Participant: 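One structure follows; several queries about it will come next.
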Amino acid sequence: MEMKLQVRDLRISFRTTNGKVQAVRDISFDLAKGETLAIVGESGSGKSVTSKAILGIQAGNSITEAGEIIYDGKDLLKITEEEFHKIRGDKIAMIFQDPMSSLNPIVKIGRQLTEAMLLKGKARQKESRETFNTYLTNLNRMMIAAVAGSDKAKAAELTAKCKKFDKFEFKHIELEDAFNKAHEAAVEAIDDIDVLAFELEKNAAKDAAYRVNSVARQARASIHEYVVHEDAERLTALASSLKSKLNKGKKAENYTEVVHALREVQEILKKAVALPEPNFFRMGYYMTFAGKALPDMPVEQLNDFLGEYLDREFMKDFIENAKEGLMHSANEAYRGMEEAVRALRENVAVFEKEKLDHAECRRVQKLLSEKVKAAIDDLAITKDSLSYTFAPSLNSEINRYFDAIGKNVKAEKVHRKNQAKYDHQVKHGKNPSWTVAAASVTDLDLVRSNICHLITRLADHYEAMLADRASRDFDRETVAVIDYLKENATGVVAKVTKRIAKARAIKLMEEVGIAEPRKRYNQYPFEFSGGMRQRIVIAIALAANPDILICDEPTTALDVTIQSQILELINKLKKERQLSVIFITHDLGVVANMADRVAVMYAGKIVEYGTAEDVFYRAAHPYTWALLSSMPDLDTNEKLEAIPGTPPNMIYPPVGDAFAARNKYAMQIDFERQPPMFQISDTHYAATWLLHPDAPKVDPPKTVLDRIARMKSKRGVEDAE
């Protein structure tokens, strides 16, 4: 499975006047493409802190003490705000729990929907151009290294091929841009005519002259060889007549004639937008290098002809050279990995010492960073996130270690001073209204452990990749490379105008179930119900077509009927758009029909992790049992069980299992040592001492077993055990 997001050993705290609150403690999870991961737990368990760290919107007093959040070859905890701006809202979007606080009350919904599209449009074009140019340059370099070697003539020939590819791609962009403009003008005119004609029939059209002129302008702009061609003359005549027909209608107070003309324009345009689209990539090559006019034939036949011509004259030979370049680049990277593994294994001992030497650490840091850089395959479309994030992560951890040495001394000094002041007041019979916060020191042993983990994990990762090298399919990868270049070339001409943004916004509103989207487009948030506002927030999150959608308790403020509709909508959108979803909630019942995998959090730690079936039907942690027991159930009259007590004070987290004080199954060891994450199956893990081989056998409460039996019966799930 393709992993879209990887969270590793994340630890986040908050500075407060009373001390450091440990909100997230060493959590790890993966999010695969197209799956839903539910993070479940009580308020204060660390769910929202985790999601905000992923989106880079942490509070000002937060401290990221350890860990990584890997997306697209980047550690999101270490990139700049400028880099995050390209990801936040564009690649990773979020739906917040209160839609009213997510929307600007004095700005119309339409503007709030289109704002991000317009801002991101130009940035995406620039990024596509840079990606295309950089990748083609790297491909050319590897093709020369693989095929030409020291043969300058052959190298020049390969460079000429890459320039040829670039040249006809430029033509492809030019052709596709012209087509897109005409096609989009036709689509916009079709949509505008629907509303305008209806209003004219009801004598209720505002700014009719302006809107009729706009339709006429769009109709003329749609005239193109592959959009409106055969009917171009008729369309031009109709567009030119619209103004006079409108004026005539005004005088007679009867708009039948202009409405009829608008409908005729609309039929011509509908017929045009339904026509098959030419392959402009193939056409770009033919028009650049064939030296003759395009043959006159139907588009489907033309595409086949152009494909055969391109393959024969250029593409088959280019693909073969590109494949050799890819294989050479991969082999160079594998050689770099072998050297990197040796260097990583040999030098990890430098960071295992009780006290690190600054000069030695910097020397090894430079050496390992260079070795890892040499192991990166520049032609890999999917970036190896561990390689790309290694150097900045290692530098960050080393900086943190040596910076903390001086800061710890100051923190201890401040703590001693405050403690002495407190003790002095107590000694003189006073009762201070304040308490002494624990010293805000960095755990140097933890930082050293993080560094060693970075190094050994990457060495293990490289060894696994080296063992799997024989299974690579370079024929498939080469085709993917050509598609990748074509996709980025297309991205260069994917312009977003105000009209395009409006059309997309209206389609988004329809997609999320907003009735009368054109009317709603011009309304304010207060004119929508709570459920409708949440649909708008979902539409805004989807506006940039993100990879990952984070839903932070999106149904908390809604009644159960609307909750169900919103959950169904998120599920539908996930399937249609192949979204990866992180769904955060305190209600285990909400995710029963949504989640592929579930992470149960308590006191900043993941205490149980598995598939939805694992967690619902084979729950192993007492906290998960407690959540299941407190879940409303229509099939029984039994009283819901409340979880006794309150979560612990995370300024002073418990030494053992954080849930022990509220757990009626707790043993002595639960108060003395944190349980490790025990593996129950390949997909199911839980951190409870009840899973230890020496622990007494404890079954879930009868209410939980009865509930599981009812759920299995209801859903037709057989007990595999």
Side-chain angles (χ1 to χ4, degrees), residues 7-11 22 24-30 37-42 45-47 50 67 449 453 586 588-589 591-592 595-631 641 643-645 647-648 650 653-712 717-721:
V7 176
R8 292 286 176 268
D9 306 312
L10 183 63
R11 180 180 287 198
Q22 299 180 36
V24 174
R25 303 186 294 157
D26 297 312
I27 68 166
S28 298
F29 60 83
D30 295 328
L37 170 69
I39 303 179
V40 184
E42 290 174 279
S45 61
K47 310 182 302 295
T50 303
S449 175
H453 177 64
H586 63 274
L588 199 56
V591 300
D596 298 298
R597 287 183 297 133
V598 179
V600 180
M601 283 191 75
Y602 184 77
K605 294 185 78 70
I606 292 176
V607 296
E608 187 158 3
Y609 187 64
T611 65
E613 287 201 359
D614 288 333
V615 173
F616 277 93
Y617 301 130
R618 292 177 288 278
H621 197 286
Y623 180 60
T624 313
W625 298 345
L627 290 177
L628 285 168
S629 298
S630 63
M631 198 169 69
E641 290 191 20
I643 304 174
M650 295 311 293
V655 176
D657 185 347
F659 189 59
R662 308 173 72 188
N663 178 11
K664 63 183 177 181
Y665 306 102
M667 300 175 287
Q668 184 61 36
I669 193 171
D670 284 301
F671 295 93
E672 296 170 352
R673 290 175 59 192
Q674 282 191 19
M677 189 69 83
F678 290 97
Q679 182 173 356
I680 302 167
S681 69
D682 289 342
T683 59
H684 192 190
Y685 303 81
T688 171
W689 286 116
L690 293 177
L691 294 174
H692 192 279
D694 297 334
K697 173 69 174 172
V698 176
D699 291 322
K702 184 178 181 300
T703 53
V704 173
L705 292 174
D706 291 345
R707 177 160 293 187
I708 290 171
R710 286 195 300 273
M711 288 192 296
K712 285 183 176 181
V717 176
E718 294 181 1
D719 189 350
E721 298 174 1

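For the single chain, residues carry numbers from 1 onward in sequence order. Side-chain atoms are counted along with the backbone in the values below, which use heavy atoms only and exclude waters and symmetry mates. Owing to the predicted nature of the structure, the values given are computational and were not obtained by experimental measurement.
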Participant: Please report the shortest heavy-atom distance between V24 and G46, naming the atom on each side.
Facilitator: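 The pair with the smallest heavy-atom distance is CG2-O, 3.7 Å.
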Participant: Report the C-alpha separation of D614 and Y609 in whole Å, then their side-chain angles, then the decisive distance to 0.1 Å, and conclude whether the side-chain contact (heavy atoms from CB on, under 4.5 Å) test is met.
Facilitator: CA-CA 8 Å; D614 288 333; Y609 187 64; over 6 Å; no
Participant: So do P675 and F659 actually touch side chain to side chain, heavy atoms under 4.5 Å?
Facilitator: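 They are not in side-chain contact.
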Participant: If you round to the nearest 0.5 Å, how far is CH2 of W689 from CD of Q668?
Facilitator: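 That separation rounds to 13.0 Å.
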Participant: Once rounded to the nearest 0.5 Å, what's the spacing between atom OH of Y617 and atom NE2 of H684?
Facilitator: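 Spacing of OH (Y617) from NE2 (H684) equals 13.5 Å.
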Participant: Between Y665 and P701, which heavy-atom pair has the shortest distance, and what is it?
Facilitator: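 It is OH-CG, 3.2 Å.
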Participant: Can you check whether T683's main-chain N or O pairs, donor with acceptor, with R597's side chain at less than 3.5 Å?
Facilitator: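 Not a single qualifying donor-acceptor pair exists.
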Participant: Measure up the Y623 and Y602 rings against each other and bin them: parallel (under 30°), tilted (30 to 60°), perpendicular (over 60°).
Facilitator: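 Tilted, since the angle between the ring planes falls between 30° and 60°.
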Participant: Are D26 and K605 close enough that some pair of their side-chain heavy atoms sits under 4.5 Å apart?
Facilitator: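 Sidechains of K605 and D26: in contact.
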Participant: Tell me whether E608 contacts the main-chain N or O of A620 through its side chain, where contact means a donor paired with an acceptor under 3.5 Å.
Facilitator: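 Flag set: sc E608 to bb A620 pair under 3.5 Å.
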Participant: Show the nearest heavy-atom pair for residues A660 and A666, with the distance to one decimal.
Facilitator: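 Closest approach of A660 to A666, heavy atoms only: O-CB, 3.6 Å.
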Participant: Can you confirm whether H692 sits close enough to M667 that some side-chain heavy atom of one is under 4.5 Å from a side-chain heavy atom of the other?
Facilitator: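 No, too far: nothing below the 4.5 Å cut-off.
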Participant: What heavy-atom pair brings L705 and P700 nearest, and what distance separates the two atoms?
Facilitator: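 Heavy-atom minimum between the residues: CD1-O, 3.6 Å.
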Participant: For A695 and L690, which heavy atoms make the closest approach, and how far apart are they?
Facilitator: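 Smallest interatomic distance, heavy atoms only, reads CB-O, 3.7 Å.
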Participant: Take R618 and I680, measure what side-chain contact (heavy atoms from CB on, under 4.5 Å) needs, and give me the verdict at the end.
Facilitator: CA-CA 10 Å; R618 292 177 288 278; I680 302 167; over 6 Å; no
Participant: Would you say CG of D699 has more than 12 non-hydrogen atoms from neighbouring residues, nucleotides or ligands within 6.0 angstrom?
Facilitator: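 More than 12 within 6.0 Å, yes.
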Participant: What distance do L37 atom CG and F29 atom CZ have between them, rounded to the nearest 0.5 Å?
Facilitator: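 Rounded to the nearest 0.5 Å, the CG-CZ separation comes to 6.0 Å.
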Participant: Rounded to the nearest 0.5 Å, how far does CG of D694 lie from CD1 of I669?
Facilitator: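 Reported to 0.5 Å precision, the distance equals 9.0 Å.
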Participant: Report yes if some heavy atom in the side chain of V598 is under 4.5 Å from a heavy atom in the side chain of E613; otherwise report no.
Facilitator: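 They are not in side-chain contact.
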Participant: Looking at side-chain heavy atoms only, is the closest gap between H586 and L627 below 4.5 Å?
Facilitator: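 H586 vs L627: side chains apart.
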Participant: Look at the side chain of K47 and the backbone N and O of V600, then say whether any donor-acceptor pair between them is shorter than 3.5 Å.
Facilitator: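 No: the side chain of K47 does not pair with the backbone of V600.
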Participant: Counting distance only, does the side-chain N/O of R662 pair as donor-acceptor with the main-chain N or O of G645 below 3.5 Å?
Facilitator: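 Yes, R662 side chain to G645 backbone: donor-acceptor pair under 3.5 Å.
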Participant: If you round to the nearest 0.5 Å, how far is CE of M650 from OG of S45?
Facilitator: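 Going from the OG atom of S45 to the CE atom of M650 covers 10.5 Å.
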Participant: Quick check for you: to the nearest 0.5 Å, what is the distance between E42 atom CD and M601 atom CE?
Facilitator: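 Reported to 0.5 Å precision, the distance equals 12.0 Å.
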Participant: Please report the C-alpha distance between H453 and R8 in whole Å, then the side-chain angles of each, then the deciding distance to 0.1 Å, and finally whether the side-chain contact (heavy atoms from CB on, under 4.5 Å) criterion is met.
Facilitator: CA-CA 11 Å; H453 177 64; R8 292 286 176 268; 5.6 Å; no
Participant: For D657 and A687, work out which heavy atoms get closest and say how close.
Facilitator: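 Where D657 meets A687 most closely, the heavy atoms are OD2-O, 4.3 Å.
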